[in-house]
There are 2 protein chains.
Amino acid sequence: MYSPTINNLIEALKKLPSVGEHTAERFIFHWLKSGKKEVTELMLALRELIEKVKSCEVCWDFSETSPCAICSNAKRDHTTICVVAGPQDLMVIEQTGIYKGVYHVLRELVDIGDDDSLQKIKIKELFERSKKSELTEIILALNPDMQGETTMLYLESELKKTNPKLKITRLARGLPLGADLRYADEMTLQSAIKNRMVK
Amino acid sequence: MYSPTINNLIEALKKLPSVGEHTAERFIFHWLKSGKKEVTELMLALRELIEKVKSCEVCWDFSETSPCAICSNAKRDHTTICVVAGPQDLMVIEQTGIYKGVYHVLRELVDIGDDDSLQKIKIKELFERSKKSELTEIILALNPDMQGETTMLYLESELKKTNPKLKITRLARGLPLGADLRYADEMTLQSAIKNRMVK
């Protein structure tokens with residue numbers, strides 16, 4: 001067996017997503033070979049993470065300020081909220097440069113197999129925000145997979161109750177750029193025909 | 001873009017083997033969601049790693065003592081050295097329970113594309129050990145791939161020069177348990193026929 005110190009670190013690393021025994025071993029022997037400098041840098045970066053990064057208490061993205069840069073930006077359109085699953089999704093939408101509204105980060109999605117999943121989602125906070133009179137639209141931008149669809153269905157029905165005047169939209173479903181009609185699945189193709197665009 | 005703190009940590013994590021931008025992001029948002037306790041545990045484990053774990057100055061395995069538990073064990077057979085590429089290989093050989101000798105961890109292998117690779121390998125240290133009169137055998141237990149074979153060929157020729165009386169062996173090549181003759185590669189099968197075992 002490895003020394004207790006190495007085993008401890010293996011256990012700590014195995015908590016990370018998709019890291020198992022062997023990956024943890026590879027990380028550790030990489031650090032042992034690379035020397036103290038790299039480990040010290042990582043420890044400093046981790047300390048900064050827990051000291052500086054917090055939740056924005058408006059949109060629940062992670063940020064060094066609360067409210068975050070987007071929520072406190074008066075130039076953004078605060079009448080539209082785009083609901084995303086996590087900070088990475090927020091980032092890819094920001095990178096398109098086309099969206100000028102604000103966000104709401106759910107952090108988790110509805111999981112039918114987990115009774116507590118509704119507690120973990122920032123859903124109450126979304127309902128609170130949805131009551132604001134200046135709000136006109138909520139875009140549900142979750143992945144069109146099982147968990148995303150379940151969550152969007154739930155949010156749609158609940159949001160209509162809390163604020164019936166709200167326009168609730170979803171990202172368009174259709175053919176991605178460069179797609180081949182013959183390989184598109186039936187649902188996508190049906191949706192692409194139904195929602196065909198006028199040029 | 002993410003906040004500077006998160007970008008810093010992404011850069012620090014990307015130095016790990018097989019960790020890219022997206023994996024680093026997933027690690028960080030896992031930590032931000034899991035809370036301070038998990039990150040603090042990891043930081044403590046990392047600190048222990050750099051404070052406690054050092055190189056055994058006999059076999060160059062990583063250990064909390066130098067010499068390590070195996071090198072300082074009088075019950076082990078110190079007339080045989082098994083040469084391995086890394087600590088993980090040492091561990092799998094130990095787990096078979098069949099080897100009673102000592103080890104030598106090379107840390108790196110000969111890389112024809114990298115002129116400095118010979119400097120990084122614990123090869124001078126192996127040659128020093130190979131001169132000891134009590135030594136009778138060196139087992140070269142590197143992977144039978146390109147880098148492993150190159151390193152073994154080099155070690156073989158050099159070790160014969162430093163100590164001509166030494167017996168230098170390699171792990172047997174043959175069919176692994178449960179193998180199918182039809183799917184074995186030619187080299188393996190040739191070797192399995194040539195080195196067939198008397199029952």
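Residue numbers start from 1 in every chain, and the chains themselves are labelled A, B, ... in the order their sequence lines are given, proteins ahead of strands. FYI, side chains are in, hydrogens and waters are out, and symmetry mates aren't considered; it's all heavy atoms of this structure. In this text, all values refer to a predicted model and were calculated from it rather than measured experimentally.
Hydrophobic clustering places B/M43 together with B/I6 (ILVMFWY residues linked when any side-chain heavy atoms are closer than 4.5 Å, directly or through intermediates). Both A/M152 and A/V84 are assigned to one and the same hydrophobic cluster, defined by single-linkage of ILVMFWY side chains at heavy-atom distances under 4.5 Å. A continuous path of ILVMFWY side-chain contacts below 4.5 Å connects B/Y103 to B/L166, so both sit in one hydrophobic cluster. Both A/V110 and A/I168 sit in one connected hydrophobic cluster of ILVMFWY residues. Membership requires side-chain heavy atoms under 4.5 Å apart, directly or through other members. In the hydrophobic cluster analysis, where Ile, Leu, Val, Met, Phe, Trp and Tyr join through side-chain heavy atoms closer than 4.5 angstrom, B/L142 is grouped apart from B/M146.
Looking only at heavy-atom pairs under 4.5 Å with chain B, the residue among A/K52, A/K120, A/E94, A/H30 that has the most is A/H30. Counting heavy-atom pairs closer than 4.5 Å to chain A, the top-ranked of the candidates B/M91, B/K36, B/E25 is B/M91. Each of B/R26, B/Q95, B/K54 has some count of heavy-atom pairs under 4.5 Å with chain A, and the biggest count is that of B/R26. Annotation: maximal heavy-atom pairing with chain A below 4.5 Å, among B/H22, B/Q88, B/E11, occurs at B/Q88. Your options are B/V39, B/L49, B/I28, B/T23, and the one with the most heavy-atom pairs under 4.5 Å with chain A is B/L49. Note: B/L32 leads B/L9, B/L42, B/L32, B/N8 in heavy-atom pairs under 4.5 Å with chain A. Between chain A and the residues B/G86, B/S34, B/A69, B/S3, the most heavy-atom pairs under 4.5 angstrom are made by B/S3.
Note that OG of A/S18 is 5.5 Å distant from CZ of B/F27, once rounded to the nearest 0.5 Å. To the nearest 0.5 angstrom, B/E41 atom CD is 11.5 Å from A/L13 atom CG. Here the CD1 atom belonging to A/I50 is positioned 4.0 Å from the OG1 atom belonging to B/T40, to the nearest 0.5 angstrom.
Both the backbone and the side chain of B/K15 come within contact range of chain A, with heavy atoms under 4.5 Å apart. With a 4.5 Å cut-off on non-hydrogen atoms, B/E108 touches chain A through its side chain but not through its backbone.
Between the A/E64 side chain and the B/T5 main chain, a donor and an acceptor come within less than 3.5 Å of each other. Side chain of A/K33 to main chain of B/R107: a donor-acceptor pair is present (N/O by atom type, distance under 3.5 Å, no hydrogens or angles).
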